[in-house]
Each structure stands twice: as C-alpha cells, then as structure tokens.
Amino acid sequence: MLASAVFTALAGFAIQGSYAHSSFSTEQALPGTTLNTSLAINHGCDGSPTTEFSVSVPEEITSIEPLEIPNWILSVEYRDGGNASSEGNSSRIVSGFSWSGNLDPEATEEFNMVINVPDIDVSQGNVTLYFPTVQTCANGSIDMVGEEAPHIIVTSAISDNHDHNHDHDHDHDHDHDHDHDHDHDESSAQKIGESITAIMAASILGAAYHLLNN
C-alpha cells in the first residue's frame with residue numbers, strides 16, 4: 001500500500017515536472033511602450049483537454065487588452081468587482097481574464113494580448129511583473145504562480161536574446177548572423193534541458209516501479 005502511494009505521488013511529480021511552463025512570447029519591454037505578446041499552451045493535464053486558461057493582471061498594469069481567439073469565449077474581470085464579455089467597457093481597469101473552450105491535450109494554442117507597459121522607473125534596475133495563470137482541464141489543473149508565473153521584465157534596454165515587438169522610438173542595430181547563432185544556441189540549450197527533464201522523470205518512475213515490486 002505504501003509503495004503504491006509512493007509510486008503514484010512520484011509519477012505525478014515526474015509528469016508535472018516534464019511540462020513546459022507557459023511564458024510570454026515577448027517578455028521584455030521598455031517603460032511606457034505597447035507590447036504585443038502571447039502565452040501558449042502546448043499540453044493538457046494528464047492527457048485531458050484544456051477547458052479554460054485564466055490570467056491575473058498585476059496591479060502595476062492599468063491597461064491591457066486580451067484578444068479574441070476563434071472557438072474560445074473570452075471573459076474579463078475588473079478591479080471594481082464587475083465582469084463582462086469581451087465587449088465590456090474598455091475604460092475600466094482589468095484585473096484578470098480567461099478564455100473558455102476545449103483544446104486537445106496534444107494541440108497548441110496561443111492566447112494573444114496587448115499590454116500598455118507602465119512608465120516605471122528602472123534607473124535602479126529592471127522591474128519584473130508577474131502574471132499568475134491557471135490552466136484548467138477536464139481532469140485537473142496547473143497553477144503557475146509566484147516566480148513560476150509568466151512575467152514581463154520592464155527594462156531600460158532590450159537584451160539581444162529576447163524578441164521585442166513593442167513600439168518605441170529607439171533604433172537598434174543588430175548583426176543578423178549573431179542573432180541567428182544566439183537563437184540556435186538558445187534552442188539547443190532548451191532541447192538539452194527538456195531531454196534532462198525527461199531522463200529525470202523516467203528515472204523517478206523506474207525507481208518507484210522497482211520499489212513497488214519489492
């Protein structure tokens with residue numbers, strides 16, 4: 001009985017750990033700019049489809065627009081406690097929003113939004129704004145909160161290793177070959193990290209199976 005419980009717990013841990021947490025497609029921005037970005041879901045919960053994806057907006061953000069997605073119902077909540085569909089009053093301050101639908105656990109969906117980045121003082125360093133999210137599935141859910149939550153880094157200068165699709169008045173000259181090499185290195189590092197995670201998950205399950213049968 002104890003071994004079976006340990007196996008179940010470790011199996012859940014291994015599966016959960018193998019999930020890639022959602023992050024913004026563009027996660028760096030200059031103060032006072034407009035950021036067009038998105039969050040992606042590329043898995044379900046233990047093989048079950050995603051039925052809702054909700055996002056909480058940090059207090060520093062006073063202007064954000066989640067966009068309509070085909071086959072999903074968009075709901076928006078406001079800081080005054082009200083809620084409305086996507087046709088609600090755009091002058092109210094948004095506290096959170098969610099998309100409801102049905103996404104196959106093997107499929108990928110991008111949830112787009114436009115964020116007006118506040119004019120934050122970053123003279124003493126970057127400011128990170130966290131957007132807690134909850135992915136609700138037909139069977140279970142995945143919470144991304146705290147430092148694991150998707151985030152936007154408000155900075156005085158955009159790093160070369162991040163996309164920057166937002167509007168600003170500064171021109172930057174980038175060497176194309178350097179960017180290509182960096183993107184390749186970043187992609188390779190991500191693949192290595194995913195492989196290590198998969199190996200660790202397999203090892204945990206193997207050890208749990210051995211314990212269960214002894």
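If you take OG on Ser159 and CD1 on Ile153, they are separated by 7.5 Å, rounding to the nearest 0.5 Å. Between Thr26 atom OG1 and Asn36 atom CG the span is 8.0 Å, to the nearest 0.5 Å. Note that CD of Glu77 and CD1 of Ile93 are 15.0 Å apart. Values are rounded to the nearest 0.5 Å. Atom-to-atom distance recorded for Ser100:OG and Leu74:CG is 9.0 Å, nearest 0.5 angstrom. From Thr33, atom OG1 reaches atom CD of Gln28 across 11.0 Å, with rounding to the nearest 0.5 Å. Between the CD1 atom in Ile142 and the SG atom in Cys137 there is a gap of 5.5 Å [rounded to 0.5 Å].
Counting only heavy atoms from C-beta outward, the side chains of Asp143 and Ser141 approach each other to under 4.5 Å. Contact annotation: the side chain of Asp104 never approaches that of Pro49 to less than 4.5 Å [non-hydrogen atoms, C-beta and beyond]. Residues His151 and Glu27 have side chains in contact (heavy-atom distance under 4.5 Å, counting atoms from C-beta outward). At a threshold of 4.5 Å between non-hydrogen side-chain atoms, the residues Pro118 and Ile61 count as touching. Put simply, the side chain of Ser156 reaches to within 4.5 Å of the side chain of Val122, judged on heavy atoms. In this structure, the side chains of Phe111 and Ser38 stay at 4.5 Å or more apart for every pair of heavy atoms.
Of all non-hydrogen atoms in Met144 and Glu148, the two that sit nearest each other are CB-O, 4.0 Å. Nearest heavy atoms, Leu39 versus Ser23: CD2-C, 3.5 Å. Between Glu52 and Ser98, the shortest heavy-atom distance links the atoms OE2-OG, 3.8 Å.
Follow the hydrophobic side-chain contacts under 4.5 Å out from Val127 and you reach Ile152 in the same cluster. Cluster annotation: Val57 is not connected to Val134 through the hydrophobic network of ILVMFWY side chains, with a link wherever side-chain heavy atoms come within less than 4.5 Å. Follow the hydrophobic side-chain contacts under 4.5 Å out from Tyr78 and you reach Ile64 in the same cluster. Hydrophobic clustering places Ile120 together with Val117 (ILVMFWY residues linked when any side-chain heavy atoms are closer than 4.5 Å, directly or through intermediates). Leu35 and Tyr130 are not part of a single hydrophobic cluster, where members link through side-chain heavy atoms under 4.5 Å apart.
When the side chain to side chain donor-acceptor pair (under 3.5 Å) test is applied to Thr108, no partner is found at least two apart in sequence or on another chain. By the side chain to side chain donor-acceptor pair (under 3.5 Å) test, Thr51 is found to be paired with no residue, residues two or more places apart in sequence or in another chain being considered.
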Let me see the working for Ile115 and Phe131 under side-chain contact (heavy atoms from CB on, under 4.5 Å), right down to the final yes or no. CA-CA 12 Å; Ile115 303 173; Phe131 294 71; 4.1 Å; yes
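Using modelled atom types, one finds a donor on one side chain and an acceptor on the other under 3.5 Å when comparing Ser123 with Asp121. When only modelled atom types and interatomic distance are considered, Thr37 and Ser25 share a side-chain donor-acceptor pair under 3.5 Å. In this model, a donor atom of one side chain and an acceptor atom of the other lie less than 3.5 Å apart for Thr50 and Gln135. With 3.5 Å as the limit, one finds no donor-acceptor pair spanning the side chains of Ser48 and Asn139.
The environment of CG in Leu67 is crowded: more than 12 heavy-atom neighbours from other residues, nucleotides or ligands sit within 6.0 Å.
In this structure, Ser22 contributes its side chain and Ala40 its backbone to a donor-acceptor pair below 3.5 Å. Remark: the backbone N or O of Glu59 is paired with a side-chain donor or acceptor of Arg79 at under 3.5 angstrom.
Aromatic pair Phe53/Trp72: ring centres not closer than 6.0 Å.
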